Each structure stands twice: as structure tokens, then as C-alpha cells.
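Notes to accompany the following structure.
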There are 4 protein chains.
Amino acid sequence: MINVTIWNEFEHEKTDDEVKAIYPNGIHVALAEGMNGHGFAISTATLDQDEHGLTEEVLKSTDVLLWWGHQAHDRVNDEIVARVVKRVHEGMGLIVLHSGHFSKPFKALMGTSCDLKWREAGEQEIIWNVNPSHPIAEGVDSKLILEHEEMYGEFFDIPTPDELVFISNFEGGEVFRSGCTFRRGQGKIFYFRPGHETYPTYYNPEILKVITNAVKWAYPTSSPAPVYGNSQPIRELKIPVV
Amino acid sequence: MINVTIWNEFEHEKTDDEVKAIYPNGIHVALAEGMNGHGFAISTATLDQDEHGLTEEVLKSTDVLLWWGHQAHDRVNDEIVARVVKRVHEGMGLIVLHSGHFSKPFKALMGTSCDLKWREAGEQEIIWNVNPSHPIAEGVDSKLILEHEEMYGEFFDIPTPDELVFISNFEGGEVFRSGCTFRRGQGKIFYFRPGHETYPTYYNPEILKVITNAVKWAYPTSSPAPVYGNSQPIRELKIPVV
Amino acid sequence: MINVTIWNEFEHEKTDDEVKAIYPNGIHVALAEGMNGHGFAISTATLDQDEHGLTEEVLKSTDVLLWWGHQAHDRVNDEIVARVVKRVHEGMGLIVLHSGHFSKPFKALMGTSCDLKWREAGEQEIIWNVNPSHPIAEGVDSKLILEHEEMYGEFFDIPTPDELVFISNFEGGEVFRSGCTFRRGQGKIFYFRPGHETYPTYYNPEILKVITNAVKWAYPTSSPAPVYGNSQPIRELKIPVV
Amino acid sequence: MINVTIWNEFEHEKTDDEVKAIYPNGIHVALAEGMNGHGFAISTATLDQDEHGLTEEVLKSTDVLLWWGHQAHDRVNDEIVARVVKRVHEGMGLIVLHSGHFSKPFKALMGTSCDLKWREAGEQEIIWNVNPSHPIAEGVDSKLILEHEEMYGEFFDIPTPDELVFISNFEGGEVFRSGCTFRRGQGKIFYFRPGHETYPTYYNPEILKVITNAVKWAYPTSSPAPVYGNSQPIRELKIPVV
């Protein structure tokens, strides 16, 4: 059983009629429903909850956290950000979606600006699988076509991903590293590009398959936590002559 | 002409007689002298200077910054740290030495704890070249032997390096990824393990050769700065039918 | 159910009394017994069998192939080698053990000499886990100690591994990238260093845990096979004006 | 002084009027002229010469070899292929251009099929720089636009590149990893996609800048050649008790 927490800023869906029409209960609920049937225990959390819904208890029992945010990144409390980052370091998986590229936890974990080019023109995105043997690509076709999406374009200011799984082609001419894995501490991170709030991307079964695969991939490994600090030698040392 | 700034915390050398005996003018001066003859324009900066010697002007004119710190990491002002990180993102090279693994700029750029095992026992370190065609290994032998060094052991909590150049074997039984490259924004970063303050490591010609090579490697590329934000299509878009 | 085929050259065990005493039925049988209890369907194959036991049928039904060879690499038929390489390209996992570094299939898949330093002196090897969140390190301790092993030392002439999971420290002073992953075509490859024929390494439960994890990791992904060749455009092209 | 040898199959230019019109003296001569002014000592070699122009002497004195081939890959002698691969292992740089992806030396060095999708429709290619601090991107703009090129599309069956420098967007909807680095033995390899014989791509100053940068990047490092084989311990071993 994988404990999944879906965090959503949940602002656009309350204030923008176009978004409300697509995600009436919020992106987090659409994702939770779409990820049904995989044996995940799914909870949701949103910005306006106490501690943004990410209490110590919630995070402690979360195996994989999904993160969608956009217009309210700066309203996420720094203490909660530090808590999320610490849990990733301890092994919690993190799936960062779309405009979450600019979220505080992702930027803190990357160490870069995470900036990019963008355009809201409803253009076609074709997402190509460039790592077909990767578990996140399990059962995924060679390409996914989204007829209308926001464009994200390179240069995407991230560290070189540990693994590149998807690259997008946009109708206007850009490319984007759309599916990227990173390891930070004991935690696995997957950034997945699609999901602008004005398009029904998170109802697309192929997109949901990728996210579901990513959750399974990001599940923490049960290795002993690394031990740091002052350490006794395993082999006898010669007495140093200084 | 490469403008190099060597930043040193410069504390041990003033308060500890053993260290003072090895580096009477400070590690920064030993490094500056040791890197002579390569056509670098070398300056130094230390913690106790105004703005730690790292004013906007100094950083702006620095191509590659070296960083040695140990016991006073927390006394480095956060504003200066942000300034260093920003300059790395803009393209300034950064060479982080030894206990600089725990410095604020390195941790901010890595997004991890940067923790490790350590032992001060003056044991033998053998540094193996595992990437002989890398420019940082230019003219460097297959192994470097340091008779007495502090031990650093895995797990070293860093992101997977872009390139692994050196791995150390310690007499007590540990291994360590001793020479690691990373790219963050437009800047190149090299972490190089050796250099505990109680050993004359920075007088070793092979160690100096590696550091000198790293400076040349980390010199900024003169590509145009990436452009981010709202972007016009290169190709004409079909009108989206939503 | 994962179909595993363990291929062993099976020469030392028949001609060398010391080896026979350790692996009376061959390394392949010791491995098969040691990997029991994980729900694998395990078969073995050896050099002296028809087609080295690796017929089209056997390989077609093999999900993950293990390979141990040493003194008879050149007696492996090139046609069988091509068959193994093709199956890896199609998705079959491959676990290459110890002296298998010099096997024909591994060299063909790497494109390098795969050469290294070695010493048969029964010295201590300490294998450090440098990628604790990797599935191959699942449940594996931070270090594995083998009191007596053959030494393998860097420079190990392989392409940069996709992922580095283990690094060994040898008593005599060397280091070695002991656990390395590679992807070739649709197939996943894991090279794992330990296992000289004169030591009981493959009875060590920790070593068996790593190999078992690697089998699970290398199981083929069920993505559609890539399509190559002449391809129709997805979007309408403007008529080119040459 | 960098000794560059440009190898060209030189078949299309002799038999196809359209190609002859663009490259009357062959692609190799166009490249040699275009790379003028960088202090390279440039020679050319072609398929129809004795030993394809790649004698032991020629290769021994070559620092960086460029390779363009297409319709006659199978006419390249296997002995010459082995010679080229061996020289790469020894440190010679190799720049593989366009349809050279299917050349024998490249396939032998990659260990994969190197297959891909393609389409000859004269469509627009936009090449994006995704690694702006890489020396191969030195002075190169964020994107290069080629109005008419052959399409190459993913999945491109290569090992994960050590570094990804360029990604292409094609008008028809595909993407391609267009600029990839690999290290094999002591040699550096750069694969660069553009350059179909029916388009004047190799007269494009930006394309020539990339190739010129790649030559400088691929120049051999002057480190001592690795030593392999039976090796004495650096530290005294305890006598093993078997």
C-alpha cells in the first residue's frame, strides 16, 4: 500500500470560471479520482488548510507527495517548505507537476532558478518517450499527443536530470525536457510538465498512467538511513608520523 | 586571463598553532602562490573582511571562485551567500574545497544535506582518476597519494554528480567521491575533497594541478544568457478550438 | 513470475580442486539455490551445452540473464553472442558478474575494452552503497564486507555508468566502481563486481540480496517496441521552397 | 595545433546532381573550408582511397576525426573500423555527423542499433541549446533554425548520452537528441545530427561554429595512458587466512 498525498494550491479552481468548469472540485480531486484502482491510499491537502494540510503527521505517513501550484507559490510557508524538503531527504517521493517547477520545495531541491519560456496559446504538445525501458514509461506509448496545452520551452534552468524520460515538441517550435528524474538525499523526484489549469490534461488516461507509474517508482527504498559524522576505521591504521 | 578569487574562512590559521605552522599566511595565500604561473589574475577574500570580501564588484569581476571554509560556515552572511549563488547561476565557476562541502553556497546549490562520514586520524588517502579524458584530469597521474589526510567517507549526500572524476580510497576502509562536477544555471561547479587544515595538502603539486585544471574548466562559457518568460511562437499556430 | 537464466562458463569448477570444493555443482547452481524463494523461475545454461544452452527458445523466454565467465570467453560462439546482444536490445535484462567484464556480450554492449587492474591476493573488499535510494540497494546495508576477494582496480574502462550504485575499497589501496547500471536498447544491464571463483562469495546473503534486487530491477518494461524508419508527419508541413 | 581528419563517404556528391550542385567538391571539402581560421591542420579522407584514407599513420597523427557516411556504410572495411575504434579508445576525438549514426565505428562504440525515425520532406528544424555552459555551446545562440532539413525522430536507440547539448524540434512534430557527448576509453565522441546531403547545412556559420567547438572539446587529454592487468598492492596486505 502506497500512501499518496496530493497537494494542490487550489486557487484557480475557486476564482476562475473556465478552470472551475474543468476541475469543479479542484485539480487534486481530479488527480485522486484518476489515480484510483492502483491500490494507493490517497489523501489531498491544499494551501488554505492549517499548515497547508502538510502537518508533521501527514508528511511522516506520506510515501509519495504530488505538488501542483502556480499563482500562490509565495504564500507557501517557509517552515512547511523546509518540512517537505526534509522529508524528501529522508526518502519521501515527490512528483512535481507543471507550474510546480516554480514552487519553493522544487527550487530548494534543485538549487537553480527553475525558470523557462512559456506561452498560453492552446497549442499542440507531443510528448515523446526517450527512455522506453524506464519504469515511469511502463506501458506508455512512444508518444502522447495533447491537442491543447500551455507551452513550456527550453532553456529550462534545472540541474542535468539523472534520467530524461520525456521530451515535448510544441507546435510553435519549442522543445522541453518534460519528464525528468532527480535524487536528493534518500528521496526520488519526478518532474512532469503537462497540466495547465485551463485544459483537461489530468483526465487524459495516458497522462494519468505516467503519474501512476511515477508514484510507484518514487516509493521509498527500505534501505537503512545513512550514518554520518565521526566514524571509526574498519581496518587498523598505521600510526601516522606527522 | 582568468580572474580567480580565493575565498578562505581564515580562522584556524589564526587560532591554531599547528595550522599556523603549515599555512602561516592562510590557506588562501598558499593556494594563490601555488596557482601561480598559469596566467590567472588571483585575488583573495576572507570572512573577516567587509562583506566577507565578496562585494558585488568583486563577484562581478570573478570568473572562478574557490571556497574553503570549516568552523565558521554559519557566520557567512545569508545575503552574501545569495549573491554567490546568483553569480554561479549567471556563469561564475565555483571550486569547493574539502570542508566547504558544508558551506552555505554549496548546500544551496546542491539541494541536499551534503553530509558525510569523517575521521581525523592522519591516515593515507589514495585518489584514483576514474575519468582520464576529463579536462580536470589533464596531465594528472592515475593516482595521487596523500600520506596523511582527514578521512571523508560515503554516503556523501550530494545529488548524483554530472561527472565523477576522482574516487578516494582511505586506509581505514572507506571510499569517497572526491572529484565531482555539477552544473547549476550557467555556472560550473567542481567539488574537490582534499585539504584538511592540519596537513600540507595544498603544497602538493599534483593537488595544485587538479585545482588549476578545474579553474580552467570552470571558466564561463560566452554563450548568450538564456531568455525566460512569455515567448512568441516561431511557427504559426493553428487557431485552437477549445 | 520472472524467468531467470543463469549462464556459467563452468570450467574452473570441473578442473580446479580448490574451486570444486567451494562450488561442487558450479557457480550457476550455487546462484540458483541462493536466489530461491523470490518467485523466480530459474534455469541454468553452460558453455559446454549445445549452443551454450542459449538457444533462440531459451533466450526468447528469458526475462533476465546472469553471466559468469572467465577463462573461456573466446570459446563463446560469436553467433550466440550476437543473439544475446539482440535480446538485450529487445528488452532482456542482463546481470554481468565479476570476470564477466571481459565477456563478449558485455564488451559488445559497452563499446570499450572493459579492461581493469586485478590482483589475486585474498584481500579484504569493502563495498559501499553510494546510491541508497536505488532499487538495487533495497534493504542493503551501507557497506558489505568480503574478507577475501580478488582485487579489481580502476581505471575500469567502461562508458560512464548510467547509475553508480556501489564502490569498492580494497585493502591494497585500490577503488572500483563495483555496481554499475547501463541501458542498451530496451534492455537494462547491471554489472556487479564480486565473485572470484576461489572464494565463497555467492553464498553471502548480502551479495545474493543485491543480485536478487538486480534481477527485479532488470525485468523488462512492457512498453511498445520503438518504431524506426520512414515516418509520416504528425502535423501538416508547409511545402518546402528549396 | 589540432590535427583534424575529415572522413567522407563521398558518394552522393559524385552520382546525384542535386547533391553535386550543393557540394561540388564533396561534403568533406565544404567542411574543411568552413572550419578554416581556427588554427586546425585539416586533412580529408574518403571511402575510395586506399584503406579509405585512414592508414595507421593518418590515424596516429589525427587528434580529432569527423565522420560523414550514408549509403555505403557496409563498404567500410571492418579492419579499418577496428582501427578507428582502437584510436578512439586511445584518445582520438570523434565527431559523428548526421547519417553517420549508422556508421560501423559509431555503432561499435555505442553498443546499440543507433536506429531512429526519419523523413525527407525538407521541413524546418529548430535546434535548441539545452546545455548553455557546455564548451560545445560556446558562443552558440539559444536556438539554430534550419529552414530545410531531413527529419530524425525519437526514439533514437543510443545509450544515454553523457551530456545532452542540443534537442531538435521538427515541423512535423518530432523531437531528437541532436547533440550528444559520449566517452569511450580515453576518447571523446560528439554526435551532431544536422547535415543531410541535399541541403546546404554545412555552409551555415552556426552549424560550423558547433562543429568547430566540438573539435576543440574532443581534443585528447594528455593524461598518462591507463595501466591495466596484474597489479601490486600499494599498502601492505595482512596475510589472508583462507
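Keep in mind it's a predicted model, so treat the numbers as computed, not measured.
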Legend entry - Which atoms of D/D115 approach chain C - backbone, side chain, both or neither, heavy atom under 4.5 Å: both
Legend entry - Segment of D/E174 engaging chain C (4.5 angstrom heavy-atom cut-off): side chain
Inset, instruction - Would you indicate whether the side-chain heavy atoms of D/L237 and C/M151 approach each other to under 4.5 Å? - result: no
Inset, instruction - Specify which of D/V88, D/N230, D/T112, D/T160 makes the most heavy-atom pairs with chain C at under 4.5 Å. - result: D/N230
Inset, instruction - Go through the atoms of D/Q232 and report whether side chain, backbone, both or neither lie under 4.5 Å from a heavy atom of chain C. - result: backbone
Inset, instruction - With sequence neighbours left out, write down each residue that passes side-chain hydrogen bond (donor to acceptor under 3.5 Å, both in side chains) with D/E125, or none if nothing qualifies. - result: D/S168, D/R193
Inset, instruction - Rounded to the nearest 0.5 Å, what's the gap from CZ on C/R184 to CG on D/D157? Could you check? - result: 10.0 Å
Legend entry - Selection from D/I158, D/L116, D/V227, D/D162 maximising heavy-atom pairs under 4.5 Å formed with chain C: D/L116
Legend entry - D/K86, NZ atom: more than 12 neighbouring heavy atoms under 6.0 Å: no
Inset, instruction - Measure distances from C/P159 to the heavy atoms of chain D and classify the residue's part below 4.5 Å as side chain, backbone, both or neither. - result: both
Inset, instruction - Determine the option with the most heavy-atom pairs under 4.5 angstrom with chain C, choosing from D/K117, D/E236, D/R119. - result: D/R119
Inset, instruction - Kindly compute the distance separating CD (C/E171) from CD1 (D/I234), expressed to the nearest 0.5 Å. - result: 12.5 Å
Legend entry - Residue-level contacts of residues 89-109 of chain C with chain D, using a heavy-atom cutoff under 4.5 Å: C/H89, C/A108, C/L109
Inset, instruction - Answer whether the closest heavy-atom distance between the side chains of D/Y228 and C/W118 falls below 4.5 Å. - result: no
Legend entry - Structural part of C/Q186 lying under 4.5 Å from a heavy atom of chain D: side chain
Inset, instruction - Specify which of D/F156, D/F182, D/F155 makes the most heavy-atom pairs with chain C at under 4.5 Å. - result: D/F155
Inset, instruction - Could you grab the distance from atom CZ of C/F170 to atom OG of D/S231, nearest 0.5 Å is fine? - result: 11.5 Å
Inset, instruction - Could you grab the distance from atom CD of D/E147 to atom NZ of C/K238, nearest 0.5 Å is fine? - result: 6.5 Å
Inset, instruction - Tell me, yes or no, whether the heavy-atom count around C/K60 atom NZ, taken from other residues, nucleotides or ligands under 6.0 Å, exceeds 12. - result: no
